[in-house]
Protein chains: 2
Amino acid sequence: MFSIGALAKRTGVKIPTIRYYEQMGLIAPLERTEGNQRRYGRPELEQLGFIKHARDLGFSIDAILGLIALQDHPDRTCVEATEIARAQLADVRAKIAKLTALEGELNRLAQGCNGNGIAGECYVLAALADHQRCEADH
Amino acid sequence: MFSIGALAKRTGVKIPTIRYYEQMGLIAPLERTEGNQRRYGRPELEQLGFIKHARDLGFSIDAILGLIALQDHPDRTCVEATEIARAQLADVRAKIAKLTALEGELNRLAQGCNGNGIAGECYVLAALADHQRCEADH
DNA sequence: ATAATTGCTCTAGTGACTAGAGGTTCAAGG
DNA sequence: CCTTGAACCTCTAGTCACTAGAGCAATTAT
């Protein structure tokens with residue numbers, strides 16, 4: 001049985017975030033002290049590890065709630081968990097694609113100007129003002 | 001001179017967003033009608049195009065405010081504009097790197113399970129619970 | 001016993017919008 | 001000229017995943 005501070009230190013999740021997760025229904029402490037302080041056990045430690053890992057992978061709180069519901073009903077098929085993971089993967093891939101396109105344009109933008117001119121004829125500002133110069137459409 | 005609705009249609013920026021940008025100090029209409037409705041001209045159209053383009057490239061409202069300040073003082077050197085663009089590029093590259101790492105892990109996650117087992121022995125849930133199985137650290 | 005640390009709840013702020021309520025103004029047709 | 005309906009106005013609150021701070025209570029160490 002340990003305090004919220006100890007849990008925070010062990011998992012690397014900040015104290016207010018743990019309390020926020022509790023509010024969102026992700027982890028509740030097993031019990032409280034007489035003075036109303038949260039006391040956690042090993043299962044909560046593992047649960048929070050799970051949550052942190054999923055958050056690091058970009059899963060939304062809502063998606064994690066779904067995964068937790070699956071953990072709590074291990075008789076359900078695994079399809080749902082895999083679907084959540086696949087959706088997340090698709091999301092990440094879409095983001096990568098978009099960011100890569102932006103990288104290309106920003107690169108041209110940043111290289112077009114050596115930084116020695118004056119802003120009145122700055123390539124960066126001109127390029128931002130004139131979308132025509134873009135290769136990809138966004 | 002055209003209305004906010006016409007401006008929205010021409011630029012593809014939604015009406016509430018235009019009003020929000022005005023609140024943030026990005027674009028103000030030249031004038032208002034007697035009945036207090038916004039009326040925009042060509043300069044505002046171009047300004048909003050600039051803003052949209054920069055937002056599409058991931059620039060923050062704050063960064064765009066900086067760029068606009070440069071436009072308004074064309075005597076300043078171009079260095080600042082380039083610096084803002086370079087910072088944005090670095091940011092985008094960092095995000096791509098992080099997302100690519102996540103993509104790898106998510107891919108393993110989603111492929112480890114064919115979706116036919118039961119959640120009690122689901123690879124997705126197990127992998128999320130056990131960070132040890134990860135290759136990269138995040 | 002006391003001081004230092006840690007904990008509690010509650011409210012409000014972040015960024016970049018989006019949604020809705022409740023009311024006003026404009027443009028077009030009759 | 002008048003009415004109708006679309007578009008407009010302001011203002012407040014909600015989104016997501018936290019983060020910060022106020023003001024107070026409990027625990028721990030000395």
Side-chain angles (χ1 to χ4, degrees), chain A residues 1-40 44 48 50-68 84 87-88 91-92 95 98 102 138, chain B residues 1-40 44 48 50-68 84 87-88 91-92 95 98 102 138:
Chain A
M1 283 301 145
F2 37 87
S3 69
I4 195 169
L7 185 62
K9 228 168 239 166
R10 286 197 198 201
T11 57
V13 179
K14 285 178 197 155
I15 292 172
T17 304
I18 295 173
R19 289 199 275 246
Y20 169 73
Y21 285 164
E22 182 176 339
Q23 228 184 314
M24 295 297 103
L26 293 175
I27 17 142
L30 263 187
E31 36 181 289
R32 299 248 183 161
T33 63
E34 260 182 77
N36 200 35
Q37 298 199 354
R38 292 163 178 86
R39 284 301 112 106
Y40 300 91
E44 283 73 35
L48 187 53
F50 175 92
I51 293 164
K52 181 178 171 28
H53 194 180
R55 281 295 301 135
D56 284 349
L57 287 171
F59 287 84
S60 70
I61 299 272
D62 233 41
I64 297 171
L65 272 167
L67 291 170
I68 286 172
I84 293 172
Q88 181 58 22
D91 199 66
V92 165
K95 275 181 190 153
K98 204 178 166 199
L102 296 190
H138 40 236
Chain B
M1 284 300 145
F2 36 88
S3 70
I4 195 169
L7 186 65
K9 228 168 237 167
R10 286 195 198 200
T11 57
V13 179
K14 286 178 196 155
I15 291 173
T17 305
I18 295 174
R19 287 199 275 246
Y20 169 74
Y21 286 164
E22 182 176 338
Q23 227 184 314
M24 295 297 105
L26 292 175
I27 17 143
L30 262 187
E31 36 181 292
R32 300 246 184 163
T33 64
E34 259 183 77
N36 200 34
Q37 300 199 354
R38 292 162 178 87
R39 284 301 113 104
Y40 300 92
E44 283 73 34
L48 187 53
F50 175 93
I51 293 164
K52 180 176 170 33
H53 194 181
R55 282 294 303 133
D56 284 349
L57 287 171
F59 287 84
S60 71
I61 298 272
D62 234 41
I64 297 171
L65 272 166
L67 291 170
I68 287 173
I84 293 172
Q88 183 57 24
D91 198 67
V92 166
K95 273 181 191 154
K98 204 178 165 198
L102 296 191
H138 39 239

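Just so we're on the same page: letters track the sequence lines, and every chain starts at 1.
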Any side-chain heavy atom of [X] within less than 4.5 Å of one from [Y]?
X	Y	value
B/Arg55	B/Ile64	yes
B/Val13	B/Tyr21	yes
A/Ile61	A/Tyr20	yes

Spacing of [X] atom [atom1] relative to [N] atom [atom2], expressed in whole Å:
X	N	atom1	atom2	result
A/Ile51	D/dC18	CD1	C1'	14 Å
A/Met24	D/dC18	CE	P	10 Å
A/Met1	D/dT27	CE	P	15 Å
A/Phe2	D/dT28	CZ	C1'	18 Å
A/Glu22	C/dC10	CD	P	12 Å
B/Ile61	C/dT14	CD1	C1'	13 Å
A/Gln23	C/dC10	CD	C1'	10 Å
B/Asp62	C/dC17	CG	P	13 Å

Under 4.0 Å: is that the gap between some side-chain N or O of [X] and OP1 or OP2 of [N]?
X	N	result
A/Thr33	D/dT27	yes
B/Arg32	C/dT24	no
B/Arg38	D/dC9	yes
A/Tyr21	D/dC18	yes

> Are any of the side-chain nitrogens in A/Glu34 or A/Arg39 under 4.0 Å away from the carboxylate oxygens of its partner?
Replying inline: no
> Does B/Glu31 pair with B/Arg38 as a salt bridge, N-O distance under 4.0 Å?
Replying inline: no
>> So if I take residues 10-19 of chain B and measure heavy-atom distances to DNA chain D, which residues fall below 4.0 Å?
In response: B/Ile15, B/Arg19
> Starting at the 5' end of DNA chain C and moving along, which residue's nearest nucleotide shows up first, B/Gly35 or B/Ser60?
Replying inline: B/Ser60
>> Can you work out whether B/Phe59 or B/Glu34 has the more 5'-proximal nearest nucleotide on DNA chain C?
In response: B/Phe59
>> From C-beta outward on A/Gln37, which listed nucleotide comes closest to its side chain: D/dA17, C/dC8, D/dC8?
In response: C/dC8
> Nearest to the side chain of A/Tyr20, which nucleotide is it out of C/dA16, D/dA17, D/dC9?
Replying inline: D/dA17
> To the nearest 0.5 Å, what is the distance between CD1 (A/Ile15) and CD1 (A/Ile4)?
Replying inline: 6.0 Å
>> Applying side chain to side chain donor-acceptor pair (under 3.5 Å) as the test, list every pair that has at least one member in residues 6-17 of chain B; sequence neighbours left out.
In response: none
